[in-house]
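Mind having a look at this structure? Questions to follow.
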Amino acid sequence: MTAATHSSLFPQDSDGSQIVAPPRDADAVLDGLDPEQREVATALHGPVCVLAGAGTGKTRAITHRIAYGVRAGILQPTSVLAVTFTNRAAGEMRGRLRQLGAGGVQARTFHSAALRQLQYFWPKVVGGELPRLLERKVQLVAESAARCRIRLDRNELRDVTGEIEWAKVTQTVPADYPAAVAKSHRDAPRDPAEIGQIYAMYEQLKRDRSVIDFEDVLLLTVGILQDRHDIADQIRGQYQHFVVDEYQDVSPLQQRLLELWMGDRENLCVVGDASQTIYSFTGATPDHLLNFRTRHPSATMVKLVRDYRSTPQVVHLANGLLNQASGRAAEHRLELISQRDAGPEPVYTEYADEPAEAEGTARRIRDLVAAGVPAGEIAVLYRINAQSEVYEQALADAGVPYQLRGAERFFERQEVREAGAALRGAARFGGNDSLLDDVVDLPSQVRAVLSTKGWTTEPPTGSGAVRDRWESLAALVRLAEDFVRARPEATLGDLVTELDERAAAQHAPTVQGVTLASLHAAKGLEWDAVFLVGLTEGMMPITYAKTDEQVEEERRLLYVGVTRARLHISLSWALSRAPGGRASRRPTRFLSGLRPGSSAPGRGAGASGGGASERGGRRKRRGPVLCRVCGTTLTDAGEMKLMRCEGCPSDMDEGLYERLREWRSDQAKQLGQPAYCVFTDKTLMAIAESVPGDDGELSRISGVGGRKLERFGADVLAICAGEEPVGEDEES
């Protein structure tokens with residue numbers, strides 16, 4: 001590791017940074033920081049936006065920033081409020097600040113900070129004690145549905161509760177919920193009008209019973225600060241400086257609260273990475289991060305791209321994934337630069353079927369453990385929790401200990417236990433069960449029994465608890481189908497025995513073992529070795545990701561998975577579900593141009609978007625891209641497109657840029673696509689700056705590939721020449 005994160009002054013803490021005894025003075029706080037981290041730490045005035053890639057030491061940078069300000073006497077500890085998204089992250093930040101000699105700084109979640117303020121000011125604003133906080137809103141949502149004469153099962157109840165939470169953090173009132181769902185292309189778990197009814201009744205019941213929920217904590221705090229300027233001034237007098245971590249995950253409601261805390265001041269430091277936005281279904285949006293420079297024109301912008309976590313091989317793969325991305329977040333992607341020594345190449349493996357993939361993964365993990373990699377430093381990551389069972393079984397068979405994160409073991413999940421009980425009862429008393437009268441073969445018997453527990457031939461739309469339950473039941477159906485292939489004469493009783501044996505094999509508790517987790521649950525964690533499994537179309541991207549924005553979020557989810565790995569990264573997929581099945585599956589489109597033998601989307605065979613493989617065939621690496629104005633090495637994709645730093649003066653023809661934007665808008669309407677699908681803003685800026693005169697000059701601009709040159713080149717060149725676009729002439 002480099003001196004940027006490892007200094008002799010600081011022994012390692014949990015994330016690899018080095019802290020123990022408080023630094024002797026303010027300058028010592030800066031020891032061991034790399035140039036960009038130091039720039040963050042010393043930028044103590046005005047708005048600051050830190051774009052920090054995975055593994056670049058963002059928490060280290062912002063905690064040292066606060067500590068440096070406190071130790072230098074520039075910041076008073078009690079005047080700083082650092083906000084993050086989990087109690088664990090807030091606790092870790094407080095601990096680091098204490099070790100850096102900056103105790104007394106408030107580091108809290110949005111909800112925790114707002115609740116303290118609400119409890120303090122409520123008696124003054126409303127009188128009496130703050131209404132009781134509803135720990136779990138599910139029961140009240142259930143009652144609300146019943147009063148609306150809408151029946152919800154347990155999983156639908158969880159999903160509707162999630163919808164109410166989404167509506168509240170996006171500041172959507174019950175009457176507007178159906179329209180908001182349509183506008184956001186959201187897959188509602190029920191008829192939006194029904195959810196709107198339940199939501200309205202839920203709010204009414206809360207008022208009748210004088211209770212509030214966690215979203216109300218933010219909403220009420222916002223209401224008080226908007227209505228009572230004296231209280232807003234009191235809070236602003238207390239907190240002069242704000243730091244917000246994971247800013248790409250801020251909801252509209254949290255952003256509004258932050259704005260009210262700040263007032264007209266600009267002592268705000270935010271840190272985030274738009275490429276790690278994977279929670280938009282909860283209301284999180286990267287727009288606030290991406291628009292920061294627009295809202296704060298004088299902001300100091302710092303990019304952290306030195307990756308101290310992962311090897312060049314892992315980083316190259318991660319960069320390659322994002323090189324093929326589209327949309328606003330992709331325009332602001334960060335090109336990471338590994339600071340570690342070279343490691344093994346990514347391993348891409350294609351298997352005939354899912355059991356073979358699980359067994360092959362388990363064998364490779366067993367080999368890594370035998371070679372000295374601790375089991376606790378290995379993870380298997382998948383898209384949905386229902387995929388865990390086959391890996392639980394394979395690891396158990398291989399004698400490798402494992403632990404699940406963010407979910408119960410497969411056979412301990414409530415829907416699986418209920419299904420097992422139903423199958424056990426059918427096996428024992430099936431002769432008297434009319435449900436089984438018309439079915440003969442074992443898989444049909446299982447389907448019939450599980451249909452009473454929520455299994456259907458077609459999956460429910462969207463994600464959520466209903467979908468999770470269906471996926472677990474569908475996994476049991478597939479187990480039955482696989483079992484009868486291996487044992488054609490097997491009975492329902494034989495299957496129940498097999499399921500019991502599997503459950504027993506997977507039940508042994510472990511303290512230290514391989515982590516099995518969904519990609520969402522892996523966010524914020526890291527391991528020496530990561531196995532990304534099940535990477536087929538329909539699973540990655542997931543089948544219910546329909547819009548361009550949803551597909552791009554799936555790409556970012558895979559990017560998060562890749563960047564969890566420090567040293568070893570393995571990616572695998574299976575061509576069929578079961579042994580002997582038709583090999584109809586395709587590996588995920590996100591690996592096109594990255595895995596051996598594939599071509600990048602929209603390019604010829606052999607082209608590569610990044611990454612390397614054990615078969616060779618590496619992409620020829622480019623040299624550094626330099627700013628054409630000041631000569632600085634460029635790392636941001638948007639700046640590389642413009643061939644200049646964002647802060648360097650532009651010689652862009654503003655009139656040409658506006659004509660190009662108008663033309664793009666017309667093209668997008670004709671195609672029925674977002675404007676960025678024609679050309680991104682950065683590409684239009686690059687065209688307006690270079691004013692190409694022929695196809696060759698236009699094709700050299702990043703973002704103008706062969707397909708777009710053929711489709712739009714004549715129009716663009718005509719506009720650059722001050723003429724009418726060719727398409728318009730044809731129409732006239």
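What's counted below: heavy atoms across the whole structure, side chains too, no hydrogens, waters or symmetry copies.
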Report yes if some heavy atom in the side chain of V83 is under 4.5 Å from a heavy atom in the side chain of V243; otherwise report no. no
For V314 against V562, the heavy-atom pair lying closest together: CG1-O, 3.5 Å
Working for side chain to side chain contact (heavy atoms under 4.5 Å, CB included), residues I384 and Q387: CA-CA 6 Å; I384 59 173; Q387 291 173 274; 3.5 Å; yes
Can you tell me how far apart CD1 (I337) and NE2 (H316) are? Round to the nearest 0.5 Å. 13.0 Å
Can you say whether the rings of F292 and Y247 are parallel (under 30°), tilted (30 to 60°) or perpendicular (over 60°)? perpendicular
If you take all heavy atoms of F110 and L218, which pair is closest and at what distance? O-CD2, 3.9 Å
State, without any angle test, whether E554 and Q550 hold a side-chain donor-acceptor pair at a distance under 3.5 Å. no
Can you check side chain to side chain contact (heavy atoms under 4.5 Å, CB included) on V530 and S570, steps first, answer last? CA-CA 6 Å; V530 169; S570 297; over 6 Å; no
Do other residues, nucleotides or ligands put more than 12 heavy atoms under 6.0 Å from R295 CZ? yes
Assess whether a salt bridge exists between E246 and K523, defined as any Lys/Arg side-chain N lying under 4.0 Å from an Asp/Glu carboxylate O. yes
Backbone of M93 reached by a side-chain donor or acceptor of R96 within 3.5 Å: no
So which atom in Y391 and which in V380 form the shortest heavy-atom distance, rounded to 0.1 Å? CD2-CG1, 4.1 Å
Just wondering, are more than 12 heavy atoms of other shown residues or ligands nearer than 6.0 Å to CG in N87? no
Heavy-atom side-chain contact between F242 and W261 under 4.5 Å: yes
Any side-chain to backbone donor/acceptor pair from E377 onto D528? Under 3.5 Å, distance only. yes
Do E553 and S280 pair up side chain to side chain, a donor and an acceptor below 3.5 Å, judged on atom types alone? yes
Compute the centroid of each ring, for Y68 and then for H64, and state whether the two points are separated by less than 6.0 Å. no
NE2 on H241 to SG on C269, rounded to 0.5 Å: 12.0 Å
State, with a plain yes or no, whether a side-chain heavy atom of V48 is found less than 4.5 Å away from one of L268. no
Sidechain-backbone polar pair: Q403 side chain, G513 backbone, donor-acceptor under 3.5 Å: yes
Shortest non-hydrogen contact from A54 to L336? O-CD1, 3.9 Å
Could E537 and R589 be called an ion pair, given the rule that one side-chain N must be under 4.0 Å from one carboxylate O? yes
Looking at Q313 and G343, would you say the former's side chain and the latter's main chain have a donor-acceptor pair under 3.5 Å? yes
Give, for atom NE2 of H568 and atom CD1 of I365, the distance between the pair rounded to the nearest 0.5 Å. 12.0 Å
Testing L97, L75, N267 for side-chain contact (heavy atoms from CB on, under 4.5 Å) with V80, which one passes? L75
Can you tell me if D25 uses its side chain to pair, donor with acceptor, with the backbone of A28 under 3.5 Å? yes
Pairwise side-chain contact, P587 with Y348, heavy-atom cut-off 4.5 Å (strictly under): no
Looking only at heavy atoms, what is the nearest atom pair of G283 and T170, with distance? CA-CG2, 4.2 Å
Distance from D307 atom CG to T56 atom OG1, nearest 0.5 Å? 7.0 Å
Donor-acceptor contact present, side-chain R94 to main-chain R108, <3.5 Å: no
Over all heavy atoms of both residues, which pair between P312 and D341 is shortest? Give the atoms and the distance, please. CD-O, 3.4 Å
Carboxylate-amine/guanidinium contact D245 K58, below 4.0 Å: yes
Could you check whether any side-chain N or O of Q254 sits under 3.5 Å from a backbone N or O of S251, counting only pairs where one atom can act as donor and the other as acceptor? yes
Do T588 and T536 have side chains that approach each other closer than 4.5 Å (heavy atoms only, starting at C-beta)? no
Any side-chain to backbone donor/acceptor pair from R38 onto L33? Under 3.5 Å, distance only. no
Distance check, rounded to the nearest 0.5 Å: W527 atom CH2 versus R564 atom CZ? 8.0 Å
Considering only NZ, NE, NH1 and NH2 on the basic side and carboxylate oxygens on the acidic side, decide whether E552 and R556 come within less than 4.0 Å. no
Yes or no on side chain to side chain contact (heavy atoms under 4.5 Å, CB included) for D273 and Y559, after CA distance, side-chain angles and deciding distance? CA-CA 12 Å; D273 179 8; Y559 171 81; 4.3 Å; yes
Under the side chain to side chain contact (heavy atoms under 4.5 Å, CB included) criterion, do N385 and L404 qualify, and how do the steps go? CA-CA 10 Å; N385 286 322; L404 271 83; over 6 Å; no
Can you check whether T683 reaches V704 side chain to side chain, under 4.5 Å on heavy atoms? yes
Please report the interatomic distance CD1(I74) to OG(S79), rounded to the nearest 0.5 Å. 11.5 Å
Parallel, tilted or perpendicular: rings of H520 and Y279 (30°, 60°): tilted
Under 3.5 Å: donor-acceptor pair, side chain of S112, backbone of T109: no
Close side-chain approach of L558 and L535, heavy atoms under 4.5 Å: yes
Residue pair K303 / V50, side-chain heavy-atom distance below 4.5 Å: no
Using 4.0 Å as the upper bound for N to carboxylate O, is an ion pair formed by E526 and R309? yes
